[in-house]
Enquirer: 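Here it is, the structure in full.
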Amino acid sequence: MPGPLAGIKVVDLSTVVAGPFATQILAELGAEILKVEGPGGDILRAPGPARSPGMGAAFLNCNRGKDSVVLDLKQEAGRARLDDLVRGADILVHNMRMKAAARLGLDDARLRTINPGLITCAIVGFGQDGPYRDRPAYDDIVQAASGWADLERRAGGEPRYAPTIAADKTASLYVTTAISAALFHRARTGEGQAIEVPMFESMVSFLAVEHLAGLTFRPPLGPSGYARLLSKHRRPYPTRDGHIAVLPYNASHWRAVFSAAGREDWAQEAALGSDAARAAMIDTLYERLAGCLAQDTTEAWLSRLAPLDVPCTRVNRIEDLLDDPHLAATGFFEAIDHPTEGALLATRPPVRFSRTPCGATRPAPPLDSGKP
């Protein structure tokens, strides 16, 4: 059966991760994606590891299910060919700066004269009604500007970036949500529209959920920051032979852990029964937990805590996930054959639909391999 977005055609002019990851999700949902690349191709093609030039792992991992066509939009012929594609498209996605997009004729007003029902989605660094609108934005810049990098300092370290492309991928999820909503609106009214997804505002919104904290109230009831997440003792804990993640979240969890560690004096403390009291002493509780877990092996603690329904897991490496029994049972990793790159490993979509199964049916395309 086709995916829920079967029949939707997307012209994807985006590069690197924020746009391509979003359009890959749309491809997995059944949309037809034509990736329009400049003569040099998406710059994400270059970083390795790779078997062939222009087919690096990161590119392969966020461009499945697409066709590729090369158009030089600095030339009149390329712009004319793009106009032809727009006439038959439902969605156009790009992550150019808006002035550059306008120079190439990608402003929404002009595109809508070609296709009134078109949905355009511009992924920008900063919202275009603010003073930062013309600034360049990359993932590290947005992590720093949004407050993400500073959270590490507040948790007892130095400011640092997350070791993943957090800002781009967060924006990608906002893109897919916004496009889905615009498609729903068009289905009801026939109207296309322009969507703007700013990375900076998306990341601030993402972080504000818990870290706006006391600043949520006017006047403030306290500082920013969710104390539990910023505790310097919140981390994977050393055991005798490795590390373990344990998250006692309610009173029964804490009592079960301390009892399992032979610390009935801590388990019976009245303060454990109060959410507010536990929050106030969270550093102490985590420090106690670390001391307990250091006394035995990872496997011993997993065997002891899992039957008590205490949230816990071993600390996996990425390599370990390939043999994870749960991921194996759900068929999460799939072996696929690429026409130029040979055998590859891919992930299936994490979401499931009961009536419209989804999944990328084809691997990421070589440059200019799809002819529109």
Side-chain angles (χ1 to χ4, degrees), residues 143 147-164 166 206-207 209-214 221-330 332 350:
Q143 286 195 41
W148 181 302
D150 185 62
L151 291 172
E152 185 70 23
R153 177 194 62 80
R154 295 181 63 182
E158 293 290 327
R160 62 167 297 172
Y161 307 123
T164 187
F206 185 82
L207 295 175
V209 171
E210 74 276 32
H211 286 298
L212 197 58
L221 296 183
S224 67
Y226 185 17
R228 186 184 73 79
L229 301 184
L230 295 176
S231 170
K232 66 181 181 181
H233 299 294
R234 174 183 172 262
R235 62 186 189 279
Y237 298 106
T239 63
R240 281 186 182 174
D241 61 351
H243 287 81
I244 189 172
V246 179
L247 179 56
Y249 202 75
N250 56 38
S252 63
H253 291 155
W254 281 107
R255 290 193 172 111
V257 169
F258 288 147
S259 292
R263 292 304 307 250
E264 288 296 332
D265 52 336
W266 291 344
Q268 298 307 316
E269 284 186 358
L272 290 184
S274 163
D275 292 345
R278 288 198 311 277
M281 61 184 296
I282 194 64
D283 269 349
T284 297
L285 291 175
Y286 281 159
E287 192 170 15
R288 289 176 177 178
L289 179 62
C292 293
L293 296 172
Q295 303 306 310
D296 214 333
T297 65
T298 298
E299 190 57 43
W301 279 115
L302 292 173
S303 299
R304 198 174 302 160
L305 297 178
L308 300 175
D309 205 31
V310 173
C312 60
T313 182
R314 66 182 69 254
V315 179
N316 285 321
R317 303 168 302 158
I318 295 297
E319 292 83 353
D320 297 330
L321 300 178
L322 303 184
D323 298 314
D324 183 90
H326 177 86
L327 295 178
T330 61
F332 186 73

Enquirer: Checking the side chain of H211 only, and the main-chain atoms of Y226 only, is there a donor and an acceptor separated by less than 3.5 Å?
Expert: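 At least one qualifying donor-acceptor pair exists.
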Enquirer: Kindly compute the distance separating CZ (R317) from CG (D320), expressed to the nearest 0.5 Å.
Expert: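 Going from CZ on R317 over to CG on D320, the span is 4.0 Å.
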Enquirer: Going through the distances and angles, do L289 and W254 end up as a side chain to side chain contact (heavy atoms under 4.5 Å, CB included)?
Expert: CA-CA 9 Å; L289 179 62; W254 281 107; 4.1 Å; yes
Enquirer: Among all residues two or more places apart in sequence or in another chain, which pass the side-chain contact (heavy atoms from CB on, under 4.5 Å) test with A277?
Expert: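 A271, S274.
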Enquirer: List the residues meeting ring pair (Phe, Tyr, Trp, His ring centres under 6.0 Å) with Y161, not counting sequence neighbours, and say none if there are none.
Expert: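 Ring pair (Phe, Tyr, Trp, His ring centres under 6.0 Å) list for Y161, sorted by chain: empty.
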Enquirer: Nearest 0.5 Å, what's the CG-CG distance between D323 and N316?
Expert: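 So the CG of D323 and the CG of N316 are separated by 10.0 Å.
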Enquirer: Which heavy atom of A260 sits nearest to which heavy atom of L305, and what is that distance?
Expert: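 A260 and L305 have their closest heavy atoms at CB-CD2, 4.2 Å.
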Enquirer: Verify the distance criterion only: is there a donor paired with an acceptor across the side chains of R235 and Y286 at less than 3.5 Å?
Expert: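 Y286 and R235 do not have a side-chain donor-acceptor pair below 3.5 Å.
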Enquirer: Where is the tightest heavy-atom contact between R255 and E269, given as atom of each residue plus distance?
Expert: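 Residues R255 and E269, closest heavy atoms: NH2-O, 3.8 Å.
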Enquirer: Go through the structure and list residues passing side-chain hydrogen bond (donor to acceptor under 3.5 Å, both in side chains) with R278, not counting sequence neighbours.
Expert: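 R278 satisfies side-chain hydrogen bond (donor to acceptor under 3.5 Å, both in side chains) with D275 once adjacent residues are dropped.
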Enquirer: Of all heavy-atom pairs between A294 and R240, which one has the smallest distance, and what is that distance?
Expert: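 Of all heavy-atom pairs spanning A294 and R240, the closest is O-CG, 3.6 Å.
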Enquirer: Under the rule for side-chain contact (heavy atoms from CB on, under 4.5 Å), what residues qualify as partners of L322, not counting sequence neighbours?
Expert: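 For L322, the residues satisfying side-chain contact (heavy atoms from CB on, under 4.5 Å) (neighbours in sequence not counted) are F333, L345.
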Enquirer: Give me the one residue out of T297, L293, T313 that meets side-chain contact (heavy atoms from CB on, under 4.5 Å) with I244.
Expert: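 The option that passes is L293.
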Enquirer: Which atom pairs, donor and acceptor, lie under 3.5 Å between side-chain atoms of residues 151-159 and protein residues at least two apart or in another chain?
Expert:
{"unit_1": "R153", "atom_1": "NE", "unit_2": "D150", "atom_2": "OD1", "d": "2.5"}
{"unit_1": "R153", "atom_1": "NH2", "unit_2": "D150", "atom_2": "OD1", "d": "3.3"}
{"unit_1": "R153", "atom_1": "NH2", "unit_2": "D150", "atom_2": "OD2", "d": "3.0"}
{"unit_1": "R154", "atom_1": "NH1", "unit_2": "S224", "atom_2": "OG", "d": "2.9"}
{"unit_1": "R154", "atom_1": "NH2", "unit_2": "S224", "atom_2": "O", "d": "2.6"}

Enquirer: When you look at F332 and D324, which way does the side chain to side chain contact (heavy atoms under 4.5 Å, CB included) test go after all the steps?
Expert: CA-CA 10 Å; F332 186 73; D324 183 90; over 6 Å; no
Enquirer: Rounded to the nearest 0.5 Å, what's the gap from CG on L308 to OG on S303? Could you check?
Expert: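 Between atom CG of L308 and atom OG of S303 there are 11.0 Å.
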Enquirer: If only atom types and distance count, is the side chain of D283 paired as donor or acceptor with the main-chain N or O of H233 below 3.5 Å?
Expert: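 Not confirmed, D283 side chain does not pair with H233 backbone.
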Enquirer: Taking all heavy atoms of V315 and all of A245, pick out the closest pair and write down the distance.
Expert: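 Heavy-atom minimum between the residues: CG2-N, 4.0 Å.
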Enquirer: Could you state the interatomic distance from CG (D309) to NE2 (H253), rounded to the nearest 0.5 Å?
Expert: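 So the CG of D309 and the NE2 of H253 are separated by 5.5 Å.
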Enquirer: R304: what forms a salt bridge (Lys or Arg N to Asp or Glu O under 4.0 Å) with it, not counting sequence neighbours?
Expert: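 Expected list: D296.
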Enquirer: Go through the steps to decide whether L247 and R228 satisfy the test side chain to side chain contact (heavy atoms under 4.5 Å, CB included), and finish with yes or no.
Expert: CA-CA 11 Å; L247 179 56; R228 186 184 73 79; 3.3 Å; yes
Enquirer: Could you give the distance from CH2 (W301) to CZ (R314), rounded to the nearest 0.5 Å?
Expert: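 The distance works out to 15.0 Å.
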Enquirer: What closest approach, in Å, do A213 and P223 show between heavy atoms, and which atom pair accounts for it?
Expert: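 Looks like CB-O, 3.7 Å.
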Enquirer: Could you tell me which non-hydrogen atom of H243 sits nearest to which non-hydrogen atom of T298, and how far apart they are?
Expert: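 For H243 versus T298, the nearest heavy atoms are O-OG1, 3.5 Å.
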Enquirer: Does W148 reach the main-chain N or O of L207 with its side chain, forming a donor-acceptor pair under 3.5 Å?
Expert: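 Side chain of W148 to backbone of L207, a donor-acceptor pair under 3.5 Å: no, none is there.
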Enquirer: Given V246, which partner from the list P236, P311, C312 fulfils the side-chain contact (heavy atoms from CB on, under 4.5 Å) test?
Expert: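 Per the side-chain contact (heavy atoms from CB on, under 4.5 Å) rule, the option paired with V246 is C312, out of P236, P311, C312.
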